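Input: a single structure, listed below in structure tokens.
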Amino acid sequence: MHHKVTIEPFRIKVVEQIRLTTEEERNDFLKAAYYNPFLLNSDQVIIDLLTDSGTSAMSAEQWAGIMRGDESYAGARSWRRMEAEIQDLTGCPYILPTHQGRAAEHLLYNHLGGPGKVFISNTHFDTTRANIEFSKATAIDCPIEESRHPGLLHPFKGNLDTQKLVERIEHYGPENIGAVILTVTNNSGGGQPVSMQNARDLAAICRKYGILFLLDACRIAENAYFIHRREEGYAHKSYRAIAQEMFALADGAIMSAKKDGLVNMGGFLALRDLDLALKCRTVLIITEGYATYGGLSGRDMEAIAIGLREIFEPDYLHYRIKSTAYLGDKLHDMGVPIIRPVGGHAIYVDAKAFYPHIPPEQFPGQALVCELYLKSGIRSCEIGSVMFGKYDEDGKLIPAPMELVRLAIPRRVYTQSHMDYVAETFAELLRERRQASGYRITEEPPFLRHFTARFERLPAREEATRPA
Ligand SMILES: *Cc1c(COP(=O)(O)O)cnc(C)c1O
């Protein structure tokens with residue numbers, strides 16, 4: 001059978017000019033940004049794969065919704081529409097709108113956290129971990145063993161290790177567990193999906209011990225696609241029904257609408273427990289806004305309500321997952337070490353394997369992020385020891401378990417030729433991989449350092465050993 005190319009299932013109605021910079025210009029830009037692409041201006045970037053968060057292209061329907069937005073302070077039509085959509089999707093009666101995911105995390109984890117509390121997740125996303133640690137609680141990652149091996153194939157590499165979970169619960173005592181948080185898909189763990197069976201097992205364990213079970217549901221639609229394709233018994237269920245089934249297992253959910261909400265700003269907290277919802281709502285009103293808008297405009301809420309429908313459209317989801325795999329398969333075929341199988345929203349390059357001559361203390365991921373930008377103006381994100389490294393008592397780096405570079409793909413934004421350009425760049429970087437050098441941090445803040453840290457490039461090995 002002849003398989004035709006999977007085309008983008010949309011036409012382009014509005015275009016945004018990309019400024020095509022030269023390598024010489026980019027050298028200056030990156031130097032001025034202290035070798036941290038987060039500090040670049042966006043017009044210095046040609047293809048921006050820094051994140052898939054808030055970078056989606058909205059549909060004509062969503063833009064029409066923007067015009068219909070009801071900006072009333074209380075009880076706006078747009079709020080009721082968003083609330084009804086999320087209630088229907090999550091099955092949770094209490095919905096708290098927030099300006100983005102981390103605001104919902106702050107409301108919830110500040111309340112559930114505090115000294116002595118422990119949170120367990122397949123992998124805590126960076127803002128999740130930061131909110132938990134900021135409350136002085138502890139965040140523990142418990143992914144299945146398979147997830148720690150980048151090349152090892154497993155259909156649900158995002159699963160949480162249930163045996164380890166039970167051990168940790170017994171060790172810390174169930175009364176000290178703030179919540180079990182299942183991140184779907186597992187963003188920091190490679191964008192890998194979580195199976196329904198895993199969610200079911202976790203729900204049962206949490207019920208047995210009386211522990212709150214939460215979903216970090218940022219990419220619940222992409223996860224549903226993988227369940228539909230890979231898990232027995234789901235081939236005939238709709239993507240939305242699969243997501244609803246997973247939500248039904250949890251006591252609540254946090255979602256950044258900037259991912260599978262297909263909008264540029266927004267998020268929510270969904271809860272089943274009235275008492276918990278009221279406690280969070282009090283802080284919501286103090287810090288975000290009144291209970292029927294959180295930090296959002298009426299038009300934002302209208303766009304979220306529409307986006308949460310569009311994300312489950314079969315043609316969209318098929319194109320979405322296929323186009324991510326298109327880039328991933330190309331890179332894998334040319335010998336770029338990536339996490340496999342390819343996840344939903346991003347390709348994760350194993351920078352430790354790509355630059356084996358750069359030790360973790362010199363941040364191989366940061367080196368790859370910088371080379372990628374210099375060569376072609378592609379912006380990517382380090383997810384390794386810059387983002388997750390810690391220091392021991394002597395100030396020595398405790399490296400992250402993996403040194404990854406994430407190529408996150410914005411939804412409905414780039415075409416296949418943009419992805420071909422990314423692949424061509426990697427072919428060049430592969431040829432020149434021996435010349436890349438490591439980096440050193442010169443300045444960093446105490447939390448979420450990857451956003452603002454400054455770096456200095458270390459001399460390449462040949463230069464370092466060359467006689468003066
Ligand atoms: C993006 C994200 C968050 C935080 O959401 P923001 O809208 O960026 O604040 C939390 N968890 C996961 C898994 C995410 O991907």
Side-chain angles (χ1 to χ4, degrees), residues 38 49-56 82 86 96-110 112-113 119-134 139 141-143 147 157-160 179-194 199 214-224 226 243 246-247 250 252-270 284 287-288 294-296 300-301 303-304 307-308 311 320 324 343-346 348 381 383 387-388 404 406-411 447-448 450-451:
F38 274 103
L49 306 182
L50 184 68
T51 176
D52 62 321
S53 177
T55 52
S56 300
M82 170 175 158
I86 298 169
L96 284 71
T98 59
H99 80 278
Q100 59 183 97
R102 73 196 64 186
E105 289 176 338
H106 180 72
L107 296 178
L108 189 59
Y109 300 139
N110 204 43
L112 298 174
F119 291 79
I120 304 172
S121 176
N122 41 354
T123 310
H124 291 85
F125 182 63
D126 58 352
T127 62
T128 316
R129 173 173 288 278
N131 268 300
I132 289 167
E133 291 178 350
F134 192 74
D141 293 340
C142 257
S147 75
K157 235 174 159 176
N159 283 355
L160 198 154
V180 169
I181 307 165
L182 185 60
T183 312
V184 291
T185 57
N186 192 10
N187 184 1
S188 309
Q192 296 292 323
V194 175
L214 302 169
L215 289 188
D216 180 340
C218 294
R219 298 177 183 79
I220 187 91
E222 292 173 2
N223 200 79
F226 288 111
M246 192 173 265
F247 276 120
I254 275 176
M255 184 165 176
S256 167
K258 299 170 72 171
K259 285 68 173 261
D260 275 358
L262 283 174
V263 295
N264 307 118
M265 192 53 72
F268 63 83
L269 172 59
L284 173 80
T287 59
E288 285 279 292
L296 298 168
D300 294 334
M301 296 192 284
I304 290 169
L308 286 174
I311 197 77
R320 168 69 177 164
T324 304
H345 70 292
Y348 292 73
C381 185
I383 301 196
M387 191 181 269
F388 290 122
L404 303 176
R406 184 182 72 179
L407 309 171
I409 305 178
R411 295 171 181 75
F447 283 99
L448 299 173
H450 53 286
F451 287 136

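Given the structure is predicted, the values throughout are model-derived calculations rather than measurements. The first residue of the sequence shown is numbered 1, and numbering continues consecutively from there. Counting starts at 1 for both ligands and their atoms, in listed order.
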Margin query: Parallel, tilted or perpendicular: which one describes the rings of F38 and F451, with boundaries at 30° and 60°?
Written below: perpendicular

Checking heavy atoms under 4.0 Å, the part of R102 that sits near ligand 1 is both

When distances are taken from atom 11 (N) of ligand 1, the protein heavy atom at minimum range is D216 OD2, 2.7 Å

Under 3.5 Å, is there a donor-acceptor pair between the side chain of N159 and the main chain of V194?
no

| said: Heavy-atom contact check, 4.0 Å cutoff: does C218 meet ligand 1? | reply: yes

Practice task
Return yes if a side-chain donor-acceptor contact under 3.5 Å exists between H450 and D126, otherwise no.
Solution key: yes

*If we ignore angles and hydrogens, is there a donor and acceptor under 3.5 Å between the side chains of T127 and E105?*
yes

Sorted by chain and residue number, the side chain to side chain contact (heavy atoms under 4.5 Å, CB included) partners of D141 (sequence neighbours excluded) come out as T123, H124, R129, P143

Atom 6 (P) of ligand 1: closest protein heavy atom, distance to 0.1 Å, is Q100 NE2, 3.3 Å

Near T127 (heavy-atom distance under 4.0 Å), the atoms of ligand 1 are 3 (C), 4 (C), 10 (C)

Within 4.0 Å of some non-hydrogen atom of T183, the atoms of ligand 1 are 13 (C)

For K258, the ligand 1 atoms with a heavy-atom partner under 4.0 Å come out as 7 (O)

heavy-atom search around atom 10 (C) of ligand 1 in the protein gives E105 OE2, 3.2 Å

Atom 15 (O) of ligand 1 sits nearest the protein heavy atom K259 NZ, 2.7 Å

for atom 5 (O) of ligand 1, nearest protein heavy atom and its distance come out as S256 CB, 3.3 Å

Of R406, R411, K258, the one forming a side-chain hydrogen bond (donor to acceptor under 3.5 Å, both in side chains) with D52 is R411

Contacts of T98 meeting side chain to side chain contact (heavy atoms under 4.5 Å, CB included) (sequence neighbours excluded), chain-then-number -> A103, A104, L107, L284, E288

key: G101, any N or O under 3.5 Å of ligand 1 N or O   = yes

Determine whether L308 and D260 make a side-chain contact, defined as any pair of heavy atoms from C-beta on separated by less than 4.5 Å.
no

